[in-house]
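Single-structure report; data block below.
Quantities reported herein were computed from a predicted structural model and do not represent experimental measurements. For the numbers below, each heavy atom of this structure counts, side chains included, while hydrogens, waters and symmetry mates do not.
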Amino acid sequence: MKKQIKKMLAILLAGAMVASLAACGGDSGTSSGTGSSSSTSQASSGSSASSGDTASEEGGDTPAVIELTGFAWDGTGSSKVEFGERAIFDLAEEATGVRVNFEVAPTESFQEKLSLKFASNQIPDVFFKCNMQQADITKYTAEGTFVAMDDYMDAVPNFKSYLDNDPSIAKSIRQSDGKIYGFPYLVTASPSRISPKMFINQKWMDAQKLEMPTTLDEFYELLKKMKEFDFNGNGEADEIPLTASSYLDPITALAGSFGLLNRGTAQQIWDIDPKTNELRCVRTAPEYKAELEYLNKLYTEKLLDQEYFTNDIAAITAKSAQNILGVVFCHNNNYMGDYADDYTNFAAPLEGPNGDKMFSARTNPVAGQNSFVTKNNPYPTETFRWIDWFYSDEGIAHYFMGIEGETFEDDSNGEPKFTDLVTNNPDGKSQEEVLAEYTVWGGGANPSVADDLHFGNHLIPEITVNAAQAMMDYTPEEIWGTFNYSVEDSARLSELKTDIDAYIDEMAAKFITGETSFDQWDDYCARIESMGLGEYREIVQRALDNYENN
């Protein structure tokens, strides 16, 4: 078992490194704010509305088309059309009079090239679609590399409308100095704000005449029945009642059933203790112990996939191809490949032992900050206005759906829909492959808004949409976003998190698999305290105070 755990942890660590790189792509309620494309057009036709334009200060004339240098991540993969030559940027130029000449990095070399930009002081006029870690944003803002947006709010009316309508957005992106520097990817489509989702095989349910479980106890009984039935008819007991696409998915999906993560999942190990109304470390709470004990029971009885610690999307798809999966906790039912349509959603969260019936796995709309105007930019006002266009109604439509009349058109209800070029491509291309020739949203890290109208209703399967919407009414009333830290706190927090978070993950695996007995729970909690949890809590509390005061 020790060798198995070591292998699990090695793969988890590798997964974490991949996730860190993938964060450049940004993943995971609805904001009522919507931008106005007309206001953007009006703003772009006049002179700079805000002070700080270098050309104006020097008395120079603003050219008809402003050309800037930019650095961007191309998350769309291979496309026959160069990143900066795609039609979305022609439309942005028409609306704002700004053209950006991009240096582009693919996923495999993006992080290295991004770091080199700062290390060599080769700073472009604008970073675009470059999701950055919060610690890096803190560092570069402190060094004066990025231009604060606060002095240019007249140039970003569309983005400002989202700030005005959802205060959690500003709270998440405002730095410890009280200013906003980066444009975030706003994901208001409900399917993307709920993750993981809970899918159950409807055909398996029908075969045994099983009823949808409503409590954790009923869920346990259902999994036992699924294990005893040969659904794929191969004469082997190879059915897996419950699996997940990552080791955290079951912990996160069931946290609300134990009253945990009552401020959402942006802060993975912190929430508010309802008994004291104070900051609580979720991973040392007695309710968390009860959750691990429940998962240990499922694992010990082989109701939970014995390989789930090392699963990824490819593993889920491969197992699903054998028709051996009953319940799957993951992001999208498409992971189940040819059997994707066999699944349905849970009607509600599972009620826990203390009557909790909450679904905690929800984030606020901010999915990382990715676009920044730099100190080298001679036209900050115009550049802010250019980025702001992607948050307008027109910009959002084109960013996610391409070119009107070619890749999308309005239906009889006046709502956009993809044309056959996208949905039934004559060359057999997928939707993503077709759209990558026109726009750049693939992979995430987008300075725009992935809403239901242009994104969720078209690019996410209906079963996944239903799975998310079924849980929305059960999510916490208050959802925290990202906390921002001072330079000093950020550096110290990085040191503390490295050891504490790794130990928490290690022990979760050991408790669930049974390698470590729950008799060792107090020792586990004491070890975390000795590693600096108190200081960790103080740093998070300062950031929380700053977050709530923004």
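Of all heavy-atom pairs spanning Ile272 and Leu544, the tightest one is CD1-CD2, 4.4 Å. Between Ile316 and Ala244 the shortest heavy-atom distance is CD1-O, 3.5 Å. Contact detail for His331 and Pro191: the closest heavy-atom pair is CE1-O, 3.8 Å. Shown here for Tyr185 and Ser448, the closest heavy-atom pair between the two residues is CD1-O, 3.7 Å. Here the closest heavy-atom approach between residue Trp73 and residue Gly75 is recorded as CZ2-CA, 3.2 Å. Pairing each heavy atom of Ala502 with each of Thr498, the nearest pair is CB-O, 3.2 Å.
If you look at Trp521 and Phe511, their ring centroids are closer than 6.0 Å. Ring-centre distance between Phe118 and Phe127: below the 6.0 Å cut-off. Checked against the 6.0 Å centroid threshold, Phe346 and Phe199 do not count as a close aromatic pair. You'll find the ring centres of Tyr343 and Trp204 outside the 6.0 Å limit.
Side-chain contact check for Ser168 and Asp166: at least one donor-acceptor pair (N or O, by modelled atom type) lies under 3.5 Å. No side-chain N or O of Asn201 forms a donor-acceptor pair with one of Tyr339 less than 3.5 Å apart. Defined by atom type and a distance below 3.5 Å, a donor-acceptor pair is present between the side-chain atoms of Asp249 and Ser246. No hydrogens or angles considered: nothing links the side chains of Thr516 and Gln520 as a donor-acceptor pair under 3.5 Å. Between the side chains of Gln322 and Glu239, no donor-acceptor pair of N or O atoms lies under 3.5 Å. Donor-acceptor pairing under 3.5 Å is lacking for the side chains of Thr138 and Asn484. Of the N and O atoms on the side chains of Asp271 and Gln267, not one donor lies less than 3.5 Å from an acceptor on the other residue. Looking only at atom types and distance, the side chain of Tyr220 has a donor-acceptor partner in the side chain of Glu301 under 3.5 Å away. With hydrogens and angles left out, the side-chain atoms of Asn311 and Glu307 include no donor and acceptor closer than 3.5 Å.
Arg527 meets the salt bridge (charged side-chain N to carboxylate O under 4.0 Å, His left out) test with no other residue; sequence neighbours excluded. With sequence neighbours left out, Asp342 forms a salt bridge (charged side-chain N to carboxylate O under 4.0 Å, His left out) with Lys203. With sequence neighbours excluded, the residues forming a salt bridge (charged side-chain N to carboxylate O under 4.0 Å, His left out) with Lys117 are Glu103, listed by chain and number. Legend: residues meeting side chain to side chain contact (heavy atoms under 4.5 Å, CB included) with Arg492, ordered by chain and number and at least two apart, are Glu495, Leu496, Glu535, Ile539.
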| query | So Arg362 and Met471, side-chain contact (heavy atoms from CB on, under 4.5 Å) or not? Walk me through it. | reply | CA-CA 9 Å; Arg362 176 186 163 194; Met471 297 298 163; over 6 Å; no

| task | Would you please test Val328 and Tyr335 for side-chain contact (heavy atoms from CB on, under 4.5 Å) and show each step? | result | CA-CA 10 Å; Val328 184; Tyr335 295 177; over 6 Å; no

| Evaluation steps, salt bridge (Lys or Arg N to Asp or Glu O under 4.0 Å), between Lys319 and Asp305 | CA-CA 11 Å; Lys319 291 177 181 180; Asp305 189 352; 2.6 Å; yes

| request: Could you walk me through whether Tyr547 and Asn549 pass the side-chain contact (heavy atoms from CB on, under 4.5 Å) test, one step at a time? | output: CA-CA 5 Å; Tyr547 176 88; Asn549 290 329; over 6 Å; no

| side-chain contact (heavy atoms from CB on, under 4.5 Å) evaluation trace for Ile173 with Phe183 | CA-CA 8 Å; Ile173 63 175; Phe183 286 90; over 6 Å; no

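Within 6.0 Å of NZ on Lys289 lie more than 12 heavy atoms contributed by other residues, nucleotides or ligands. Within a 6.0 Å radius of NZ in Lys297, other residues, nucleotides and ligands contribute more than 12 heavy atoms. Environment of CG in Asp338: sparse, with no more than 12 heavy atoms of neighbouring residues, nucleotides or ligands closer than 6.0 Å. Environment of CD in Glu548: crowded, with over 12 heavy atoms of neighbouring residues, nucleotides or ligands closer than 6.0 Å.
Here NZ of Lys129 is found 7.5 Å from CG of Asn370. Values are rounded to the nearest 0.5 Å. Leu163 contributes atom CG, which lies 5.0 Å from atom CD1 of Ile180 (distance to the nearest 0.5 angstrom). Between Tyr299 atom OH and Leu292 atom CG the span is 14.0 Å, to the nearest 0.5 Å. Atoms CG and CZ, from Asn262 and Arg280 in turn, are 5.5 Å apart once rounded to the nearest 0.5 Å. Separating the CE atom in Met531 from the CD1 atom in Ile504 is a distance of 8.0 Å, to the nearest 0.5 Å. With rounding to the nearest 0.5 Å, the separation of NZ in Lys497 from CG in Asp499 is 11.5 Å.
In this structure a side-chain-to-backbone donor-acceptor pair under 3.5 Å is present from Asn333 to Ala340. Between the side chain of Thr265 and the main chain of Gln268, no donor-acceptor pair closer than 3.5 Å is present. Looking at Glu433, its side chain does come within 3.5 Å of a backbone N or O of Ser430 through a donor-acceptor pair. Under a 3.5 Å cut-off, the side chain of Tyr485 and the backbone N or O of Val540 do not form any donor-acceptor pair.
Residues Asn546 and Phe483 have side chains not in contact (no heavy-atom distance under 4.5 Å, counting atoms from C-beta outward). Side-chain contact between Ile194 and Thr475: present, with at least one pair of heavy atoms (C-beta onward) separated by less than 4.5 Å. At a threshold of 4.5 Å between non-hydrogen side-chain atoms, the residues Ile137 and Gln133 do not count as touching. Looking only at side-chain heavy atoms (C-beta outward), Asn277 and Asp273 stay at 4.5 Å or farther from each other. Under the 4.5 Å side-chain criterion, counting only non-hydrogen atoms from C-beta, Met226 is not in contact with Leu242.
Between Phe146 and Phe372, the ring-plane angle classifies as parallel under the 30° and 60° cut-offs. Ring-plane geometry between Trp441 and Phe455 is classed as perpendicular, the angle between the planes exceeding 60 degrees on a 0 to 90 degree scale with a lower cut at 30.
A cation-pi arrangement, defined by a distance under 6.0 Å to the six-membered ring centre and an angle within 45 degrees of its axis, is absent between Lys197 and Phe329.
A salt bridge (Lys or Arg N to Asp or Glu O under 4.0 Å) check over residues 229-238, counting only residues at least two apart or in different chains, returns nothing.
Electrostatic pairing of Glu287 and Lys275 counts as a salt bridge here, judged by a charged N lying under 4.0 Å from a carboxylate O.
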I'd like a table of donor-acceptor pairs (distance under 3.5 Å, sequence neighbours excluded) in which one partner is a side-chain atom from residues 349-361, with atom names and distances.
| residue | atom | partner | partner atom | Å |
| --- | --- | --- | --- | --- |
| Ser360 | OG | Gly256 | N | 3.4 |
| Ser360 | OG | Leu260 | O | 2.6 |
| Ser360 | OG | Leu261 | O | 3.2 |

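Each of Asp452, Ile460, Asn332 was compared with Ser192 under the side chain to side chain contact (heavy atoms under 4.5 Å, CB included) criterion, and only Ile460 meets it.
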